[in-house]
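First the structure, in the form of structure tokens, and then the observations on it.
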Amino acid sequence: MTLTASAPAPLWNPDEDETLVCCAVRVETHDVKTFIFQATEPRRFAYQPGQFMTFSLTIGGEEIHRCYTLSSSPTRPDRVSITVKRIGAGPVSSWLHANLTPGVSIRALGPMGDFFCSPQPGSKYLFLSAGSGITPLMSMTRSHHDLGSCADIAFVHSARSPADLIFRDELNLMAKTAPGLTVTAICEADSDAEIWAGLRGRIDLTKLETIVPDFREREVYICGPAPYMAAVKTMLEASGYDMARYHSESFDFAELSADQPQPEAASSSDQGFKVEFKLSRRTIDVAPDRFILAAAKAEGMRLPSSCTKGICGTCKCKLVSGTVDMTPAGGIRQREIDQGMILICCSKPTSDLVLER
Ligand SMILES: Cc1cc2nc3c(=O)[nH]c(=O)nc-3n(C[C@H](O)[C@H](O)[C@H](O)COP(=O)(O)OP(=O)(O)OC[C@H]3O[C@@H](n4cnc5c(N)ncnc54)[C@H](O)[C@@H]3O)c2cc1C
Ligand code: FES
């Protein structure tokens, strides 16, 4: 028998490719599902474990954008997956859970993001996650496992109850077969079907020192809800941990942008440009050193935005006339720029502008 190797599929190109087709859905827990995607034409996805994609949906006639970390590993490049927790009244997570079935297409931008880690042999890591914040750490762990890496990873995941433990079986299986990987779950309470026999409560220094006595020697990667992240950060700081080795991802861009120093409003003596928002029928003055989105928000305008850092693509809009100085960070494709689109969160006017917004 002769085996012939077929040519590998071309790489997914975020500048040209944008449609993902759902090919499978997995139920992970009572409120978490994994959606597996392939491209419309054969494509391989190249990304770093921990990166995310921005998904665009039209719900109720409105275009909405949300970011989801790829829970899949780049070591299996033909497919990507996201793992989504359904948030009660959340429009996008609810829509995905109810409507995204095999065969359904969705538009996506990326992968992108600077929270990633390819575990290196001889290095020691502490992965900390809670709830759906497990996804980037899962991608890193899957990648580590697939590559047979000899890195030393202690993975400590917190959940409300055993019924909320995402990827429980797969993580335990990987820990059995990968030397160097240990997995510990901490639950706050029992679930209806299971009395939790493991560590109980919330993560604290006593628990961490018991599970991972050498945690101060490890590079920390953490993702989870804001209160969890804040509590763990305070705990690590108080423990004498070297915070230069602390890497975190928040799923809440609003919170991140709230931490950013907001640019000062321009003084009346500053030379401003007129920026007209056609659909909103508003014209505002924007100083040349000011981002358009920040200036519009200061004027009380409500415009779609999320990261405010040129990453997610939420604030994209058409520049009808004028010129800007734009510093995007992955949230817009070159061909969109060529078509006159801009991200107003990271664009400063260099002339009077008309925007189709
Ligand atoms: C970089 C990045 C990566 C992300 N990766 C994932 C992922 O892998 N899996 C995932 O499920 N979500 C992820 N998210 C969150 C996701 O983008 C959406 O915010 C989430 O699905 C809720 O969207 P929604 O439209 O249903 O509700 P929204 O209207 O966006 O949110 C409703 C409310 O729920 C809060 N909320 C949002 N996400 C969560 C959460 N995970 N847990 C508890 N409360 C929350 C919001 O702050 C808001 O108050 C990520 C976000 C970012 C910025
Ligand atoms: S708000 Fe995210 S790119 Fe502008």
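Whatever order the structure lists ligands and atoms in, that order sets their numbers, starting from 1.
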Discussion item. Taking backbone and side chain together, does His65 place any N/O/S atom at a distance below 2.8 Å from atom 2 (Fe) of ligand 2?
Written reply: no

Worksheet item: Which part of Thr83 is near ligand 1, with near meaning a heavy atom under 4.0 Å away: side chain, backbone, both or neither?
Response: backbone

Item to complete: Indicate yes or no: does an N/O atom of Val92 lie under 3.5 Å from an N/O atom of ligand 1?
Response: yes

Worksheet item: Please state the angle at atom 2 (Fe) of ligand 2 spanned by SG of Cys312 and SG of Cys307: what is it, rounded to 10 degrees?
Response: 100°

Fill in: Heteroatom proximity flag, Phe52 to ligand 1, N/O under 3.5 Å
no

Worksheet entry | Nearest neighbour of atom 32 (C) of ligand 1 from the list Ile166, Ile87, Ile82, Val84, on a heavy-atom basis | Ile87

Worksheet entry | Under 4.0 Å to a heavy atom of Ile311 - the qualifying atoms of ligand 2, by number | 3 (S)

Response to the item:
For Thr308, the ligand 2 atoms with a heavy-atom partner under 4.0 Å come out as 1 (S), 2 (Fe)

Discussion item. What I want to know is whether Glu249 and ligand 1 share at least one N or O pair that is separated by under 3.5 angstrom.
Written reply: no

Worksheet item: Which ligand 1 atoms are under 4.0 Å away from a heavy-atom of Ser132?
Response: 11 (O), 41 (N)

Worksheet item: Looking at ligand 1, does any of its N/O atoms fall within less than 3.5 Å of an N/O of Ser250?
Response: no

Worksheet entry | Of Ser73, Ser72, Pro74, Ser71, the residue whose pairing with Pro49 passes side-chain contact (heavy atoms from CB on, under 4.5 Å) | Pro74

Fill in: Contacts of Phe45 that satisfy ring-ring contact (aromatic ring centres under 6.0 Å, His included) - sequence neighbours left out
Trp12

Worksheet item: In terms of hydrophobic clusters joined by side-chain contacts under 4.5 Å, are Val80 and Val104 together?
Response: yes

Worksheet entry | Check: Cys67 N/O within less than 3.5 Å of ligand 1 N/O | yes

Discussion item. Looking only at protein heavy atoms, which one is nearest to atom 3 (S) of ligand 2, and what is the separation?
Written reply: Gly313 N, 3.2 Å

Fill in: Atoms in ligand 2 with a heavy atom of Ser306 nearer than 4.0 Å
1 (S)

Worksheet entry | Min heavy-atom dist Cys315 to ligand 2 below 4.0 Å | yes

Worksheet item: Side chains of His157 and Ser129: do they bring a donor and an acceptor to under 3.5 Å?
Response: yes

Worksheet item: Is it true that a side-chain atom of Thr350 and a backbone atom of Thr323 form a donor plus acceptor pair closer than 3.5 Å?
Response: yes

Worksheet item: Quick check, are the ring centers of Phe55 and Phe37 under 6.0 angstrom apart?
Response: yes

Item to complete: Compute whether any side-chain donor of one residue and acceptor of the other, for Asp146 and Ser143, lie under 3.5 angstrom apart.
Response: no

Item to complete: Answer yes or no: is there a donor N or O on one side and an acceptor on the other, between the side chain of Ser93 and the main chain of Ile87, under 3.5 Å?
Response: yes

Worksheet item: Can you check whether Tyr125 and Phe155 have ring centres sitting under 6.0 Å from each other?
Response: no

Practice prompt. Output the list of atoms in ligand 1 that are nearer than 4.0 Å to some heavy atom of Thr135, sorted by atom number.
Written response: 7 (C), 8 (O)

Worksheet item: Is there side-chain contact between Asp78 and Gln38, with heavy atoms separated by less than 4.5 Å?
Response: no

Discussion item. So, 2.8 Å as the limit: is an N/O/S atom of Cys345 located closer than that to atom 4 (Fe) of ligand 2?
Written reply: yes

